[in-house]
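Heads up: the structure comes next, in C-alpha cells.
All chains are named by letter (A, B, ...) in the order of the sequence lines, taking the proteins before the strands, and each is independently numbered beginning at 1. All of these numbers come straight from a predicted model, not from anything done at the bench. Basis for what follows: all heavy atoms, side chains included, without hydrogens, waters or symmetry-related copies.
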Number of protein chains: 2
Amino acid sequence: MKLFHEYRNPSLAVDLVVFGYHDNTLSVLLLNRKEEPFKDCWTLPGGFLQMEETFLDTCSRILQTKLGMNEVFLEQLYSFDDPGRDPRGRVIAVGYYALINPAKFKIVAGSMANDVKWFNVRKLPVLGFDHKYIFKAALQRLKSKILYHPVGFELLDELFTITELHELYECILHTTLDRRNFRRKILDAEYVINTGMKREGLKNRHPELYRFNKHLKKNNFQINVPTES
Amino acid sequence: MKLFHEYRNPSLAVDLVVFGYHDNTLSVLLLNRKEEPFKDCWTLPGGFLQMEETFLDTCSRILQTKLGMNEVFLEQLYSFDDPGRDPRGRVIAVGYYALINPAKFKIVAGSMANDVKWFNVRKLPVLGFDHKYIFKAALQRLKSKILYHPVGFELLDELFTITELHELYECILHTTLDRRNFRRKILDAEYVINTGMKREGLKNRHPELYRFNKHLKKNNFQINVPTES
DNA sequence: ACAAAAGTGTTTAGTGTACACCCATGT
DNA sequence: ACATGGGTGTACACTAAACACTTTTGT
C-alpha cells in the first residue's frame, strides 16, 4: 500500500461567520484586512487548515488568535469551491458559523487585521472574496435552525426573560411573532426553566428570569413564521 | 500580492452516495476495491479533486468513469475531516449524494473496482474508510429533504402513479403513511400533473399516470411522519 | 391614578388524521 | 360475482392564531 506524496492539492481555508446579539441587533464580526488580496476590505475571519488540524481546531485557533474567544457554539455550513474565489490560487473554503454572546468577550484585532468590528446583519459593507455568499448561507441556516432547535440561548446571557428571547427571535427572523403564542410554545416545550428570580429595577412589572433547560431530549417545538405575500 | 506556492495541504476527495430506487427498495451503489487500502472492501465511489475541477466536475467524472452515468441530481452533504479517515494520509472528504433512476443506466465497474453493486440501504455490508458515516448523513438528508421538497421524482420514471410515489415515500421514510391523505397533499401542492393516460395491463383498476410539475415556484407541501414512541 | 410592560385565558378558524365508501379491472 | 387495488368524500380531534383581560411596577 502506497502512501501519498504531495500531489498538487488546493489549499483549504476555514471561514467563520460569527454571530453576536446585542441591543436588539444581530451582528456579524468582520475583519478589515491589512494585506492583499482585498487589502482594506471587510471580510469574514478565516484561516488555512494546518495539516494536523480538524476543522474545529482551525475554528478555535482563528477565534482565539484573531478574536480572543473560546468555547463557542460552532456548526459546519457548506464548502465553497468556485475556482476563482481567491485570487492567490485555488482555495476551497469550508464555512462554519458561530454563535456568541458579545458581552462575554472583548474582541481583539489580531496582527493580520487593521480592525475588527460588529456589523448589523442588515447593513453589511461589501465583502471580499465570496464571503457575501458564505454569510448568506449562514444567516439562512440560523433562521431555519432557530425554528426547530434551541440555539437562541447561545446568544443570550445565562439568565433571560421570555420577552428577551422573543425579541431575539423577531430580530433573527426579521418578522413579528405574537408575544403570547410565542411564550406558550416555548414554555410548553420546556426548553426554559423558571428560576423564580425576577429582573429588578425596570420601569414596569418585573419579568421572571429563565435559564436554558439543557437536559431535554426531544425537539418538540416549532415556531412558524407568517407567510409573506 | 503574493501568489500561493505549494504549502503542505491535505488531499481533497469527493465521495458519492448514489441512491437508486427499484422494486420497492432504496439502494446505494457500492464499489468493491481492487487496491489497498480497504482492498476487497465495499466503499462509496469517490475520487480526488483535480486542481481545476469544481466539486460537481469531480462528481460528474466519478459518475461517468466509474459508473457510466451522467446528468443526475446532486447535492452537497457535508465535509468530513477526521485526520485518521484515510490510512494513506490526510484526506478531507466532501460528501455528495445523487438520486438516479437505475432503469436509465447500465452501471459499469471502472478499472479501479472489482465490482459495482446496488445494496439495499437497510442491509449494507461493512464499509471502508468512514463511509458508514457519510452514508448515514446522506440517508438522513434524503429523509428530511423529501418531506418538504419534490425530490422523489428523480428516482422514478417520467410517468408514475400516485401509488408508486406513495410507496417510494414509505420506503425512504421507512414508515407507513395514510394512502388517501398522502394523495391529497401531493395533489393539493400541484407538484404532479395528471397526464390523462393510465397504466394499462394491471390486474385491477388502471391508475392514472402523472408527471412532475417542474414549473412550480413555492414549496407548499409537507409530509408528516408518525411520531414513534 | 396612570402608563407600560408582564403574565394568563379564551374563542375561533384551519389543518391533519382516521376513517368509510364507491369505482374500475381481471379472473 | 368477487377480489383487489385505485379514487373520492367526510367527521372529528387537535393545533395555532387572534384577541381580551388582569397583574405588577415606577412615576
Atom-to-atom span, NE2 of H166(B) to P of dT8(D) - whole angstrom
16 Å

Scan the side chains in residues 117-128 of chain A for donor-acceptor partners under 3.5 Å anywhere in the protein, sequence neighbours excluded, and list what turns up.
{"from": "N120(A)", "atom 1": "OD1", "to": "R122(A)", "atom 2": "N", "distance (Å)": "2.8"}
{"from": "R122(A)", "atom 1": "NH2", "to": "C171(A)", "atom 2": "O", "distance (Å)": "2.5"}
{"from": "R122(A)", "atom 1": "NH2", "to": "I172(A)", "atom 2": "O", "distance (Å)": "3.2"}

Please identify each residue that fulfils ring-ring contact (aromatic ring centres under 6.0 Å, His included) with F129(B), with sequence neighbours left out.
F38(B), H131(B)

Check nucleotides 13-17 of chain C for protein N or O atoms closer than 3.5 Å to its own N or O atoms and list the pairs.
none

Name all residues meeting the salt bridge (charged side-chain N to carboxylate O under 4.0 Å, His left out) criterion together with D15(B); count only those two or more places apart in sequence or in a different chain, and write none if there are none.
R85(B)

In whole angstroms, how far is the P atom of dA6(C) from the CG atom of L187(A)?
14 Å

Indicate, with a heavy-atom threshold strictly under 4.0 Å, whether T163(B) touches base, sugar-phosphate, or nothing.
sugar-phosphate

Take the protein atom CG of L202(A) and the nucleotide atom P of dG7(C), then report the distance between them rounded to whole Å.
10 Å

Which residues satisfy the side chain to side chain contact (heavy atoms under 4.5 Å, CB included) test with R61(A), sequence neighbours excluded?
Q50(A), E53(A), T58(A), T65(A)

Partners meeting side-chain hydrogen bond (donor to acceptor under 3.5 Å, both in side chains) with R205(A) (sequence neighbours left out):
none

Got a sec, which residues hit ring-ring contact (aromatic ring centres under 6.0 Å, His included) with Y210(B), two or more places apart in sequence or on another chain?
none

Can you measure R199(A) atom CZ to dT24(D) atom C1' for me and round it to whole angstrom units?
17 Å

Counting only heavy atoms and a strict 4.0 angstrom limit, can you tell me which residues of residues 203-213 of chain A come near DNA chain C?
N204(A), R205(A), P207(A), E208(A)

OP1 or OP2 of dG7(C) sitting under 4.0 Å from any side-chain N/O of R180(A)?
no

Looking only at N and O atoms, is any donor in the side chain of R179(A) or the base of dG7(C) less than 3.5 Å from an acceptor on the other one?
yes

Ignoring hydrogens and geometry, is there a side-chain-to-backbone donor-acceptor pair from Q64(B) to N70(B) under 3.5 Å?
no

Can you tell me how far P of dT23(D) sits from NZ of K198(A), to the nearest Å?
13 Å

In Å and rounded to the nearest 0.5 Å, what is the CZ to OH distance from F19(B) to Y21(B)?
14.0 Å

Starting at CD1 of I223(A) and ending at P of dA16(D), how long is that distance when rounded to a whole Å?
10 Å

Extract all donor-acceptor atom pairs below 3.5 Å that involve side chains of residues 153-164 of chain B and protein atoms in other chains or at least two apart in sequence.
{"from": "D157(B)", "atom 1": "OD1", "to": "N101(B)", "atom 2": "ND2", "distance (Å)": "2.8"}
{"from": "E158(B)", "atom 1": "OE2", "to": "R211(B)", "atom 2": "NH1", "distance (Å)": "2.9"}
{"from": "T161(B)", "atom 1": "OG1", "to": "E164(B)", "atom 2": "N", "distance (Å)": "3.1"}
{"from": "E164(B)", "atom 1": "OE1", "to": "T161(B)", "atom 2": "N", "distance (Å)": "3.1"}
{"from": "E164(B)", "atom 1": "OE1", "to": "R199(B)", "atom 2": "NH1", "distance (Å)": "3.1"}
{"from": "E164(B)", "atom 1": "OE2", "to": "R199(B)", "atom 2": "NH1", "distance (Å)": "2.2"}

Residues forming a side-chain hydrogen bond (donor to acceptor under 3.5 Å, both in side chains) with T195(B), sequence neighbours excluded
none

Nucleotide dG6(D), atom P - distance to CG of L165(B) in whole Å:
13 Å

Under 4.0 Å, heavy atoms only, any strand: does I162(B) hit a base, just the sugar-phosphate, or nothing?
nothing

R180(B): what forms a salt bridge (charged side-chain N to carboxylate O under 4.0 Å, His left out) with it, not counting sequence neighbours?
D178(B)

Taking five pairs at each end, how big is the angle between the two axes of the helix from dA1(C)-dT27(D) to dT27(C)-dA1(D), to 10°?
10°

